Chemist: 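Before I ask anything, here is the structure I am working with.
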Amino acid sequence: MIKEDLSLLEGLHTPFYYYDMDALEGTLSAMKAAAQAAGIAVHYALKANCDPRILKAVRAAGFGADCISGAEITLALESGFTPEDISFAGVGKSDKGILTALKAGVSVINVESVQELLVIEHIAKKYSLKANIGIRVNPNVDTHTLRYITSGMQANKFGITETDFPRVIEILRRSDSLVFKGIHCHAGSQMDMRSQAYRRVCRKVASFCTFFEEAGLKVEVINLGGGLAVNYEDPSEMPDFEGWMDSIREIFSESGARIITEPGRSLVAGCGTLYSRVLYIKENDLKTFLVIDAGMNNLLRPALYGAYHKIENLSADARAWKVPGLEEVTGENQVYEIVGPVCESSDTWGKERRMRLSVRGDLLAIRSAGAYGQVMANSYNMREPAQTVYSDKIEEAIKEEYV
Ligand SMILES: *Cc1c(COP(=O)(O)O)cnc(C)c1O
């Protein structure tokens with residue numbers, strides 16, 4: 001899936017994020033085909049990666065946008081998404097963000113608490129605007145994903161639980177400023193959409209829809225969020241878009257509502273790689289460290305939630321094939337702890353990683369870095385940001401300068 005020319009990438013200033021625009025196109029097309037066949041709309045979750053070239057490609061694929069802040073709404077509008085194709089989610093929307101959404105006239109604001117609903121009503125009234133409302137429900141189903149990225153449990157901060165529905169319905173019924181549109185649910189991340197757990201979530205959402213309809217509130221939109229898993233062990237594997245659409249269709253086959261999904265990770269993880277150079281090799285009695293020039297400030301996921309990223313030493317692989325007979329001697333028989341330069345022990349890329357013998361200057365590829373990578377970058381330790389390199393604009397990238 002990822003194509004890379006080592007001779008072009010080797011001389012570039014590291015660390016850098018590389019986006020394979022063909023791989024991105026391939027993934028977007030696969031999602032589009034699956035969604036169209038199922039008659040399901042796609043709103044890309046901007047928070048996964050809001051790089052301007054990526055947004056342009058997503059827009060060109062005909063997808064809408066799922067935004068999580070006022071700034072994301074503004075960026076989506078600037079990137080050509082229409083207000084009708086924008087939804088607004090988030091457990092802690094600021095007053096300013098709500099006003100931005102109301103003024104833009106986004107298709108739906110997905111509300112996460114009773115108090116938030118009242119605040120939106122207040123702001124809408126004050127500015128004589130109407131607010132399109134979706135109710136983000138908490139299905140209270142354990143989707144067995146990573147501890148940190150499950151969001152559909154009652155113990156979790158996201159969504160409105162069943163016990164609050166009567167109060168929500170009462171507010172929606174009496175309000176002139178709030179226009180009820182439908183139900184929203186985002187149950188977690190890295191989910192297997194063919195699993196029983198996901199089907200349970202969908203059935204819960206379907207029963208909640210019935211509850212609202214029986215209370216006289218017509219559900220025009222059912223938004224099932226994102227969360228489709230990507231295979232971090234095998235970055236070349238296409239996410240199971242079809243399986244996802246099948247599961248939804250199976251449960252909502254009778255529904256006349258417009259069904260929306262909000263994939264983030266599954267659309268963009270695979271097209272991105274973070275490249276880094278080996279700075280030092282350092283050995284003690286217990287292990288051998290590979291100190292590389294990309295750190296947790298460039299890609300936070302391993303440090304933040306112990307996330308796994310596949311790492312390949314491209315230079316060592318190329319060396320092995322160049323010299324006949326060397327392949328056998330330098331198989332992946334070295335065990336390294338790969339660490340970054342930041343002054344935190346959690347700045348660790350991987351423990352006990354098997355690799356070929358690595359030397360200073362080798363170029364490493366940290367795979368599946370397109371989602372929740374560059375968007376979470378920070379400048380801790382006053383480190384400079386990783387540059388962005390697009391596969392069709394490599395010539396514009398900054399070259400490495402050695403001292
Ligand atoms: C994060 C998020 C998504 C996207 O989740 P992925 O796991 O990246 O697909 C979709 N909807 C909402 C409301 C979110 O918060």
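Atoms within each ligand, like the ligands themselves, are counted from 1 in listed order. If you read the sequence from its start, that first residue is 1, and numbering goes on from there. Not measured: the values here are computed from a predicted model.
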Chemist: For ligand 1, is there an atom lying under 4.0 Å from some heavy atom of His184?
Modeler: yes
Chemist: Does the pair Asp362/Arg277 count as a salt bridge with the N-to-O cut at 4.0 Å?
Modeler: no
Chemist: Is there a donor-acceptor pair closer than 3.5 Å between any side-chain N or O of Ser276 and the backbone N or O of Asp293?
Modeler: yes
Chemist: Answer side chain, backbone, both or neither: which part of Asn110 comes under 4.0 Å from ligand 1, heavy atoms only.
Modeler: neither
Chemist: State whether the side chain of Asn138 and the backbone N or O of Asn140 hold a donor-acceptor pair below 3.5 Å, judged by distance alone.
Modeler: yes
Chemist: Taking both backbone and side-chain atoms of Gly264, is any N or O found less than 3.5 Å from an N or O belonging to ligand 1?
Modeler: yes
Chemist: Could you tell me whether some N/O pair between Ala48 and ligand 1 is separated by less than 3.5 angstrom?
Modeler: no
Chemist: Output every pair passing salt bridge (charged side-chain N to carboxylate O under 4.0 Å, His left out) with a member in residues 168-181, not counting sequence neighbours, ordered by first then second residue.
Modeler: Glu121-Arg174, Arg167-Glu170, Lys181-Glu220
Chemist: Side chain, backbone, both or neither: which part of Ala45 comes within less than 4.0 Å of ligand 1 when only heavy atoms are counted?
Modeler: side chain
Chemist: Hey, do the aromatic rings of Phe81 and Phe63 have their centres closer than 6.0 Å?
Modeler: no
Chemist: Just verifying a value: how many Å separate Ile222 CD1 and Cys202 SG, rounded to the nearest 0.5 Å?
Modeler: 9.5 Å
Chemist: What protein heavy atom lies closest to atom 5 (O) of ligand 1? Include the residue and the distance to one decimal.
Modeler: His186 CE1, 3.3 Å
Chemist: Can you name the atoms of ligand 1, numbered from 1 with element, that are less than 4.0 Å from a heavy atom of Arg265?
Modeler: 6 (P), 8 (O), 9 (O)
Chemist: I want to know if ligand 1 touches Arg136 in the polar sense, i.e. an N/O pair below 3.5 angstrom.
Modeler: no
Chemist: Tell me: protein heavy atom nearest atom 7 (O) of ligand 1, and distance?
Modeler: Ser189 OG, 2.6 Å
Chemist: Using modelled atom types and a 3.5 Å cut-off, is there a donor and acceptor pairing between side-chain atoms of His43 and backbone atoms of Gly64?
Modeler: no
Chemist: Considering Glu262, Lys47, His43, which one's heavy-atom position lies nearest to atom 10 (C) of ligand 1?
Modeler: Glu262
Chemist: Return the residue, atom name and 0.1 Å-rounded distance of the protein heavy atom closest to atom 8 (O) of ligand 1.
Modeler: Tyr372 OH, 2.5 Å
Chemist: May I ask you to establish whether Arg353 and Tyr336 are in a cation-pi arrangement, using a distance under 6.0 Å from NZ or CZ to the six-membered ring centre and at most 45° from the ring axis?
Modeler: no
